[in-house]
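Below you'll find the structure, written out as C-alpha cells, and then a few comments.
Starting from 1, each residue takes its place in the sequence as its number. The analysis underlying the following values was restricted to heavy atoms, covering all of them including side chains, and did not include hydrogens, waters or symmetry mates.
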Amino acid sequence: LLALVAAFGWFYRLKPIYEGDPDRYYHMALSRLAVDQGTIFLRSVPQVENLGWGDYFLDKEFLFHQVTNLGYLLGGNSGVELSSFFCALLAVIVFYLYAAGRMPVYGAAGLVLLTFASPYFAFRMALLRPHTLAVLTFLLMSLSVLARRPVLVALTSLLFVLSYHAFYVPLLCMGVVGALSFLEQEKDRKALREVFFYGTAGCVAGLLLNPYFPGNIFLAFIHARIPGLMKGELRNAQFGDELIPLRADQYIEVFSFPLVVMFLSLFLLGLDLGRREEAARRARYRLFYLLAVGLFFLLVSYRIARAGEYLIPL
C-alpha cells in the first residue's frame, strides 16, 4: 500500500505543472536563506524589499519551514521537496493505520485510496506547500479528539498552530467539542470539557510560542481576507485558483465522495439516535463531531475550494 501511494505521489510530482508553481521556489529560497545564514527562523528577507521584508519578515508557516530547512540541509532543493512529500506520506500512513485497526486491512486500503487518490486532494497533497504538514497535524488532532485524549489534543493543536497560519481551524474544532459536551451525561461531560480546555490551551500556546508573535495573528487575519479579494480587486489574477468558488457542477464532481459520506452518515445517525447503551453513545459523539466539523468545511468548500483539504480526510 505504501509503495503504491509513494509511486502515485511521485507520478504527480514529476508532472510539469508543479514546476510552474511559484510557491515551490518561495519555500526553497526561504530554506536556502535560513541554512546559509545558520538561523532557525528568518527575521528579514532583503531580496523582497517591495513588501518591506528587508526590514521585517513575518513567516506564517514557522514549523513547516523548520521541516523544509532540515530538508535543504540534507539534500538541497530536492530535500525541500521530499520533506513536504514526507508530511503527505505520513498523513497517508496515519490514516491507514487508524483504519486498519478498526476494519479489515483490504477495506482500510480501499478507504485510503478513495480518500487520497481523489484527483483534487492528490493534486493538493503532492504540492510543495505548508498545507501538507497542516493536514497531517489536523488529522492527528482529529483522531486525538475522537479518542478523547486531552494531552494529545493539546500537543497536536499546538503543532497545527505552529505549522500553519489558520489557527482558527483547531479553535473551531474545540468549539464543536465544547458544544457537544452539553449533550453528554455528567461523567462524559467532564472528559469532553477536558478535551476542550486542553485543546484550546494548545492553540493559545502555539500562538504565544511562535517566534513571530503577535505578527502571526495579524498575518492570519490578513490571509483570511484573500478569498474575498479574489472576487474583487484580484479577480483577474492568474494565480490562486483554489481560492475561487467552484461552479455547482465542478463542486459536485470534486467533492462527490465526501458529499455521499456526509449524507449517508446523517442517515445512519438518524437510525441510531434511539439507542442508549454506552458504546452507542460514545460512537454517536464521534459521529456528531465528524459531521459538525465536516459539514462546516463542506459549506466553506463551496466558496473556497481549498477547504476540501480538511473536508476530504474528515
Heavy-atom pair with the smallest gap, counting every atom of Asn69 and Ala34: ND2-CB, 3.6 Å
Single-linkage hydrophobic cluster Val300~Phe263, side-chain heavy atoms < 4.5 angstrom: yes
Least distance between heavy atoms, Arg149 atom then Val195 atom: N-CG2, 4.4 Å
Minimum-distance pair of heavy atoms, taken over all atoms of Ala205 and Leu158: CB-CD1, 3.8 Å
4.5 Å side-chain heavy-atom contact, Leu192 and Arg148: yes
Identified ring-ring contact (aromatic ring centres under 6.0 Å, His included) partner of Phe138 from the options Tyr164, Phe95, Tyr310: Tyr310
Working for side chain to side chain contact (heavy atoms under 4.5 Å, CB included), residues Met174 and Ser157: CA-CA 9 Å; Met174 294 311 110; Ser157 299; 4.3 Å; yes
Distance-only side-chain donor-acceptor flag, His65 / Asp59, under 3.5 Å: yes
For Tyr302, the option from Phe255, Tyr251, Phe296 that meets ring-ring contact (aromatic ring centres under 6.0 Å, His included): Tyr251
Verdict with reasoning, Phe121 to Phe116, per ring-ring contact (aromatic ring centres under 6.0 Å, His included): CA-CA 6 Å; Phe121 195 53; Phe116 285 87; 5.3 Å; yes
Partner of Leu90 under side-chain contact (heavy atoms from CB on, under 4.5 Å), chosen from Leu136, Leu140, Leu139, Val135: Leu136
Leu51-Phe218 co-clustered via ILVMFWY side chain contacts under 4.5 Å: yes
Glu49 CD: over 12 foreign heavy atoms closer than 6.0 Å: yes
Ring center gap for Phe64 and His131 short of 6.0 angstrom: no
Residues, nucleotides or ligands: over 12 heavy atoms within 6.0 Å of Ile40 CD1: no
CG on Leu89 to OG on Ser84, rounded to 0.5 Å: 11.5 Å
Contact check, side chains of Leu290 and Leu146, non-hydrogen atoms, under 4.5 Å: yes
Aromatic contact, Phe41 with Tyr212 (centres under 6.0 Å): yes
Row check, Tyr26 ring normal vs Arg129 NZ/CZ: under 6.0 Å, within 45°: no
NZ or CZ of Arg193 within 45° of Phe182 ring axis and under 6.0 Å: yes
Over-ring placement of Arg102 relative to Tyr98, 6.0 Å and 45° cut-offs: yes
Considering all heavy atoms, the nearest Pro170-Val161 contact: CG-CG2, 3.9 Å
Under 3.5 Å: donor-acceptor pair, side chain of Ser78, backbone of Gly75: no
Non-hydrogen atoms of Gly215 and Leu58 that approach each other most closely: CA-CD2, 3.7 Å
Test item: Asn210 and Phe167 side chains (from C-beta on) under 4.5 Å apart, heavy atoms: no
Main-chain N/O of Ala134 paired with Thr137 side-chain donor or acceptor, under 3.5 Å: yes
Residue pair Thr200 / Leu171, side-chain heavy-atom distance below 4.5 Å: yes
Side chain proximity check, Thr132 to Leu127, heavy atoms < 4.5 angstrom: no
Side chain to side chain contact (heavy atoms under 4.5 Å, CB included) between Leu314 and Ser142, intermediate numbers included: CA-CA 8 Å; Leu314 272 175; Ser142 295; 4.2 Å; yes
From CA spacing to verdict: side chain to side chain contact (heavy atoms under 4.5 Å, CB included), Tyr72, Met28: CA-CA 8 Å; Tyr72 187 86; Met28 289 173 180; 5.9 Å; no
Cluster link Val94 to Leu152, ILVMFWY, side chain under 4.5 Å: no
Test item: Gln66 side-chain N/O and Phe62 main-chain N/O as donor-acceptor pair under 3.5 Å: yes
Within 6.0 angstrom of Tyr198 OH, more than 12 heavy atoms from elsewhere: no
ILVMFWY cluster, Leu264 and Ile252 together (side-chain gap under 4.5 Å): no
In one Ile/Leu/Val/Met/Phe/Trp/Tyr side-chain cluster, 4.5 Å: Met141, Tyr168: yes
Closest approach of Ala88 to Met125 (non-hydrogen atoms, all atoms of both residues): CB-O, 3.4 Å
Side chains of Tyr285 and Val145 in contact at under 4.5 Å (non-hydrogen atoms): yes
Side chain to side chain contact (heavy atoms under 4.5 Å, CB included) between Phe196 and Val153, intermediate numbers included: CA-CA 9 Å; Phe196 166 75; Val153 173; over 6 Å; no
